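What follows is a short report on a single structure.
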Amino acid sequence: MGFTLAIHKIKKITVSRAARHGRMVLLAALLLCLLIQPVTAMQAQAALFGEFTVADEAKLGKEFDIMVRSRLPLVQDPEILGYFESMVQRLSTRMPPQPFQFQTSIIRHNAVNAFAVPGGYIFIHTGLITAMEDEAAVAGVLAHEMAHVTQRHIASRIERSQAISLLSMVGALAGAFLGGDAGSAAIVGSAAAAQAAMLNYSRSDESEADQVGMSYLMASGYRPIGMVEAFQVLSRPQWITGSDFPSYLSTHPAITERISDMSARLRQTPKQPVNKNAKEEHAEFLRIQTLVRGRYANYETALQYFSDKLKTEKDKKNLAIFNMGMGILHNRRNQVKDATTAFKKAVELNAKDAIILREAGRFHYLKGSRDEALKLLSSATSINRHDYLALFYYARLLDDSGKTGQAITYYQNILRYIPEDSEVHLHYSQALGRTGQMFYANLHMAYSALYDHNQKRLSQFHQRAQKLANTPQEQAALEAFDKKYEERRAYWK
């Protein structure tokens, strides 16, 4: 299953009761939506699976991806996403030729989990990113999950199952990979309940994914011990609590057994060449992990982490990164004075780090210090002209200063790279409205609502766009939106 689910009831998120309840409600709503919604045209046309071909894998993976994007919050920051896309690409280039390209998404949730579904769709929880200690450990998790896909472990089980509709299989995957009491409860009495249990990996599947994944890891130049280190992190006491996992996972190999098996293999493996880029790779991992921790991790846990690091860290660049993380964290609680101090210290320690400059510029823009924001964001974009989040806030500065035409050009370019960011669509829409382009202003407000999962607001602006669509180009743009809307509406209540 997902990396955390596949380790014999070992892991459970250490979150508050309120957070755990929120997760249960989310999963229950998601799965109930999948299983009791009325049949749509898309569902009616879906073939029943018998022989499960590569084309079927691609279709199922795409539909599951649409479901996740329709229901769960994803990380849109291209710096974070691009980092893990590069990691997946590095692993995949050392694999035998595959019939599809791996695609990566990051779910904003503190579960220490990652999983991959047929068709090569990989999902990483932010909790996994913050729990691991270096890039090789995360790569070990991803290599393991990618091996499940390349060895067709889920696909082979679907082939052996009774025919089942595409929609039901998406629900079964949701129950299997997201798991938990809420997931199990939501699929009781449905065909998907049996199918979710059927998708359970066997001992031999898990062992094969360990072995094949380790080979991918080594071939990609990562430290092979990274996979062992990932298992060791997951064996720590804070993950060994409760029973928030489906009962069908009880046959999986114990984590200690798997650590022992992989360690034995490594003792027999020739010593790997020294990675000359290891220091730079760890520094980049730390930068990205700090962004994730500051922005998405549990506040109290992250505060303790950064406080400890700032007391003990000696490296100047690392101190700059940890101050940035503290600034992001303080800003989450609107602690402006503390955030200002942290960002100032971060920039003083390393004024050449584009991510630090971007985050400091973003903070100053949002608190109203436009001149300081302009200076910082200009520096960030001159260092990294592909940081589209920095460019987004730079475009907003242009827009605020009356240079709306220039801002629109920036927004259009940014949306080519982060097309599902609700906030970018929102500000692009407002700029279009100020220039009198009312059809496109309403259309992009509808896109903003679509990617924000706000059906009421979407309906309002969609209707306005329909009334304003007069030219063939506008009709075509509306049809493109309608296609995306229909895909996602199938998974909305």
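What you are looking at is a predicted structure, and each value in this text was computed from that prediction instead of being measured.
- A salt bridge does not link Glu135 with Arg287: none of the charged nitrogens is closer than 4.0 Å to a carboxylate oxygen.
- For the pair Arg258 and Phe231, the cation-pi test (distance below 6.0 Å, angle within 45°) is failed.
- Under 4.0 Å is where a charged nitrogen must lie from a carboxylate oxygen, and between Glu487 and Arg69 no such pair does.
- Classification of Glu423 and Arg396 as a salt-bridged pair holds, one side-chain N sitting under 4.0 Å from a carboxylate O.
- Put simply, the side chain of His425 gets close to the backbone of Pro419: a donor and an acceptor are under 3.5 Å apart.
- A salt bridge links Arg223 with Asp134: the distance from a Lys NZ or Arg NE/NH1/NH2 to an Asp or Glu carboxylate oxygen falls below 4.0 Å.
- In this structure, Arg362 fails the cation-pi test against Tyr365, since its NZ or CZ atom is not both closer than 6.0 Å to the six-membered ring centre and inside 45 degrees of the ring normal.
- Side chains of Phe392 and Tyr411 form a contact here, defined as non-hydrogen atoms less than 4.5 Å apart.
- With no hydrogens or angles considered, a side-chain donor-acceptor pair links Tyr428 and Gln412 at under 3.5 Å.
- The shortest distance between side-chain heavy atoms of Phe100 and Val149 falls below 4.5 Å.
- In this structure, Arg332 is not positioned above the aromatic face of Tyr299 in the sense of NZ or CZ being under 6.0 Å from the six-membered ring centre and within 45° of the axis.
- Side chains of Ile80 and Arg295 form a contact here, defined as non-hydrogen atoms less than 4.5 Å apart.
- Each of Ile106, Val68, Leu81 was evaluated against Leu74; a single residue qualifies, Val68, per the side-chain contact (heavy atoms from CB on, under 4.5 Å) test.
- Comment: Arg90 engages Glu281 in a salt bridge, judged by a side-chain N to carboxylate O separation of less than 4.0 angstrom.
- The pair Asp77-Arg358 meets the salt-bridge criterion, since a charged nitrogen lies less than 4.0 angstrom from a carboxylate oxygen.
- Taking 4.0 Å as the cut-off between side-chain N and carboxylate O, Arg488 and Glu420 count as a salt-bridged pair.
- A donor-acceptor pair shorter than 3.5 Å can be found between the side chains of Gln335 and His330.
- A salt bridge is absent between Lys317 and Asp353: the closest approach of a Lys/Arg side-chain nitrogen to an acidic carboxylate oxygen does not fall below 4.0 angstrom.
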Practice task
Report the C-alpha distance between Tyr121 and Glu57 in whole Å, list the side-chain angles of each, state the deciding distance to 0.1 Å, and finish with yes or no for side-chain hydrogen bond (donor to acceptor under 3.5 Å, both in side chains).
Solution key: CA-CA 10 Å; Tyr121 291 85; Glu57 287 189 59; over 6 Å; no
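- Distance alone, capped at 3.5 Å, places no donor-acceptor pair between the Arg108 side chain and the Val75 backbone.
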